[in-house]
Structures are given as structure tokens and as C-alpha cells.
Amino acid sequence: MYNLNGRERKHFIEPLIPDVSKYKVVVGPPKPMENYWAGAPSTFFDGKDIWLSYRVRNPQERGFELHIAKSRDGFSFEDVRIIKKEELNAKSVERASIIKDPWTDKFKLYISRDPLFSAADPQGIGWQIVKLEDVENLEDFDPSTFKIIFPPASMGGKEWWTRHPYIRIMKDPYILSIGRRFYMFFSAQGTLGEDPFLATSVDGENWHIREDNPIITKGYWHDYHTRISCVLPMNQGFLVYYEGTDRRWYQSPYN
């Protein structure tokens, strides 16, 4: 807070804290057992429908399907598109992000995938963020159109990678548009776990990774992985929800 002519003024955002005791499961896991889940959600409201993307996981196949569902009330969702990991040449798929381009009115879909590399390229490992071709209807997303937005360090020769040689993984995008620019929050992993990074774009195709990354320093209860879950534009700024894990927790990569 600060004082202006004898008046106290707040210069921070009052957080929106939901009542976590009141919830409804909207998508359940394939089985009610450990290492089975439906998760990594991302939502987008187009003015009429609420669109949800989520991945389904089991311990044998990991993230084997990406689902896109819609709802009018935010509780009852109906799947309209299912993309299998094999269609993306992936060992596993994780978080995706849907957004509608405010200038073309077409939907964009970004997916994080753990790609299948050939034995001839044993160093080509690490999560990637890929994008499918834009569509007018979410049901029409074609996985065969995917292209890599961010490759891992072992695949790229860009100047950025030479300055950040420890980055091996880029995954879990969350995207919003403000003005004439897209903002992508994503996770990047080095030697000490995952951190949240930020990249910007004017067309959703070509991205500039900011120099002042990571944008949140991990520590204390989130000293292993830290990831952006959601960003809400507010009248006074932006409200960021993020999640994290502690190295001492049981199975910290999963919890």
C-alpha cells in the first residue's frame, strides 16, 4: 500500500480465492487407481461455450489421449474431439492450450508432447510444444498438421539455446491474447526441476522467448516444479495462479 495526499491506496490485486470445499468432478480418470488420471486442463470461453482440453493417462501408456470438450455451464462437458498420441508421433501428450484468434476468428491448439525419436538420434529427447493448423470449428483439428513451435535444446541451433544450454524440456503451454499480442506461459526444465517461462508472439506462429525468464523463482513448498495454471486479466493488473511440488513429497513429479 502507499499514501497519496493522506489517503491509503492499494496497488496490488485482491486475489480471487475459490471455496475449495465446493467442487464437482467434471472428468474422471480411466480407473480409480494410482497413476490413472484425467488432468492437465486448459479452458477457453468463446462467448457462448466453455471449451476444455485435458489429457487422459494410465501407467502403461502415460498420456495416451487428448480430449477437447465443450460445456454451457462449466460442469457438464461433452467430448467433441479426441486426439491419440500416435497421431502426433508421441510417447505421451500432456497439457494443451486452446485459444481463439481475435483477428481471424479461428481456433488455435497448442499441445505438449514427448516425441518418438529414432534410434539414429539418441540425443533428440525432451518435451516439445507443437501447434496444429487453425480451424473454424474445434471438431476439425487435424493432428497430421502439427508443427514444432519450440524444440528442445538438442534439436535447435538458435542463439537463445546457446545462452540457455541447460533447458531440455518445453511443455505445458497456457496462452492468452492481449491487444495485438499473444502471451504463452510454459514450463521449461533444467537440472533442478521445472520453471515457468514466458514467450510472446504477434501471429501465434513465431514466438520470442523473453530474456527475463524464469518468471517465478521456485523455493520453499515449490522447490521442485513450478508451473503456471491460469492467468486472469484484472482491472488493476493480472492474477496468476500457479502450482508447485516439493522435492520431499511422495512421488513429487506426480503430486
Side-chain angles (χ1 to χ4, degrees), residues 40-46 51-55 63-70 80-117 124-158 160-161 167-189 194 196-210 213 227-231:
S42 183
T43 59
F44 177 76
F45 178 57
D46 67 1
W51 296 94
L52 168 69
S53 66
Y54 64 95
R55 51 99 71 145
F64 62 93
E65 287 179 347
L66 174 68
H67 291 231
I68 298 174
K70 71 175 181 179
V80 299
R81 186 73 171 90
I82 298 176
I83 297 174
K84 297 183 180 298
K85 67 176 185 177
E86 292 82 6
E87 297 179 275
L88 296 168
N89 191 33
K91 293 180 287 186
S92 179
V93 293
E94 202 153 316
R95 192 182 195 190
S97 184
I98 299 172
I99 191 168
K100 193 172 188 179
D101 191 317
W103 304 286
T104 66
D105 283 333
K106 290 186 176 182
F107 289 98
K108 299 179 181 293
L109 177 62
Y110 301 81
I111 306 170
S112 53
R113 68 161 192 160
D114 190 0
L116 284 169
F117 288 101
I125 59 174
W127 285 87
Q128 305 168 335
I129 297 175
V130 301
K131 177 183 178 298
L132 305 191
E133 188 174 296
D134 295 355
V135 296
E136 294 183 356
N137 301 300
L138 282 166
E139 298 91 335
D140 297 332
F141 274 123
D142 182 357
S144 69
T145 65
F146 82 86
K147 62 180 181 180
I148 300 171
I149 296 296
F150 293 136
S154 59
M155 292 182 60
K158 297 180 181 179
W160 190 87
W161 296 118
I167 298 298
R168 297 287 297 172
I169 286 177
M170 307 184 79
K171 60 196 285 285
D172 299 331
Y174 179 82
I175 303 172
L176 70 161
S177 63
I178 304 170
R180 294 288 299 180
R181 195 175 298 272
F182 293 98
Y183 294 81
M184 177 190 289
F185 300 87
F186 64 93
S187 296
Q189 182 174 14
E194 296 177 9
F197 279 57
L198 175 63
T200 59
S201 173
V202 295
D203 58 7
E205 303 286 340
N206 302 288
W207 293 86
H208 170 70
I209 302 176
R210 293 171 56 97
N213 276 310
R227 175 171 58 190
I228 300 295
S229 299
C230 184
V231 180

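To the nearest 0.5 Å, atom CD1 of residue I99 and atom CG of residue D46 are 12.0 Å apart. With values rounded to the nearest 0.5 angstrom, H208 atom NE2 is found 13.5 Å from M184 atom CE. The OG1 atom of T104 lies 11.0 Å from the CG atom of D203; values are rounded to the nearest 0.5 Å. With rounding to the nearest 0.5 Å, the separation of NZ in K131 from CD1 in I148 is 14.0 Å. Rounding to the nearest 0.5 angstrom, the gap separating the CG atom in D142 from the CD atom in E133 is 7.5 Å. To the nearest 0.5 Å, atoms CD1 (I175) and OH (Y110) are separated by 4.5 Å.
Counting heavy atoms from C-beta on, the side chains of V80 and W51 come closer than 4.5 Å. Between P196 and F185, every side-chain heavy-atom pair lies at or beyond the 4.5 Å cut-off. Proximity of V231 to Y183: side-chain heavy atoms (C-beta onward) are nowhere separated by under 4.5 Å. Looking only at side-chain heavy atoms (C-beta outward), E136 and D105 stay at 4.5 Å or farther from each other. Taking 4.5 Å as the limit, every side-chain heavy atom of V93 sits out of range of all side-chain heavy atoms of I83. Within the 4.5 Å cutoff, no side-chain heavy atoms of P143 are placed close to those of K84. Contact of the L109 side chain with the R81 side chain is not registered, since no non-hydrogen atoms from C-beta on lie closer than 4.5 Å.
For the ring-ring contact (aromatic ring centres under 6.0 Å, His included) test, residues two or more places apart in sequence or in another chain that qualify with Y54 are H67. For F182, the ring-ring contact (aromatic ring centres under 6.0 Å, His included) partners at least two apart in sequence or on another chain are W103. Residues meeting the salt bridge (charged side-chain N to carboxylate O under 4.0 Å, His left out) test with K85, sequence neighbours left out: none.
Of the possible donor and acceptor atoms, none in the side chain of S187 sits under 3.5 Å from a partner among the backbone N and O of D172. Distance alone, capped at 3.5 Å, places no donor-acceptor pair between the S201 side chain and the W207 backbone. Of the possible polar contacts, none joining the N137 side chain to the E139 backbone as a donor-acceptor pair under 3.5 Å is found. In this structure a side-chain-to-backbone donor-acceptor pair under 3.5 Å is missing from R180 to V202. Here the side chain of R113 pairs no donor or acceptor atom with the backbone of V130 at under 3.5 angstrom. One N or O on the side chain of R95 and one on the backbone of P41 form a donor-acceptor pair closer than 3.5 Å.
Between S42 and A96, the shortest heavy-atom contact is CB-O, 3.0 Å. For I111 against L66, the heavy-atom pair with the smallest separation is CD1-CD2, 3.6 Å. Scanning all heavy atoms of the two residues, the minimum distance from L198 to N213 falls at N-OD1, 2.9 Å. Of all heavy-atom pairs spanning K108 and D134, the tightest one is NZ-OD2, 2.7 Å. Of all the heavy atoms in I98 and F44, the pair that sits closest is O-CB, 3.6 Å. Of all heavy-atom pairs between Y174 and S229, the closest is CD1-O, 3.7 Å.
In this structure, E94 pairs ionically with R227, as a charged nitrogen and a carboxylate oxygen lie closer than 4.0 Å.
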